[in-house]
Amino acid sequence: MAKLAYKPVGILLGAAAGAAAGLVFKQVWKAAGHDDDAPNATDEERGWGEILLAAALQGAIFAVVKAAVDRAGAVGVRRATGYWPG
């Protein structure tokens with residue numbers, strides 16, 4: 001039952017995590033001394049190294065933020081219901 005109750009919460013938290021990760025990535029990219037916008041894979045004026053670095057950094061930040069948000073959501077559900085939603 002806890003798994004079923006957690007589904008809508010997990011979806012909302014996932015969307016929030018994605019948005020938060022995007023904001024964090026933009027700030028980290030700027031702080032690293034790069035342009036305001038990260039390169040797209042099809043950006044002709046950017047090199048392979050910069051594109052792959054941006055993709056790896058964005059993926060790592062997204063994974064960490066999503067894991068933190070998912071874990072916090074699961075802990076919150078356990079505190080509220082007494083059951084672990086996993």
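These values consider heavy atoms only, across backbone and side chains, with no hydrogens, waters or symmetry-generated copies. The residues of the chain are indexed from 1 along the displayed sequence.
Listed here is the closest heavy atom pair of Ile61 and Ala21: CG2-O, 3.8 Å. Closest heavy-atom contact between Trp84 and Arg78: CE3-CD, 3.5 Å.
In this structure, Val65 is a member of the same hydrophobic cluster as Leu13, with clusters built from ILVMFWY side-chain heavy atoms closer than 4.5 Å.
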Practice item. Under the side-chain contact (heavy atoms from CB on, under 4.5 Å) rule, what do Val75 and Arg71 come out as? Steps first, then yes or no, please. Key: CA-CA 6 Å; Val75 169; Arg71 183 65 181 205; 4.3 Å; yes
Practice item. Evaluate the criterion side-chain contact (heavy atoms from CB on, under 4.5 Å) for residue pair Asp37 and Trp29; output intermediate values, then yes/no. Key: CA-CA 8 Å; Asp37 294 325; Trp29 189 253; over 6 Å; no
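The backbone N or O of Glu45 sits less than 3.5 Å from a side-chain atom of Asp43, completing a donor-acceptor pair.
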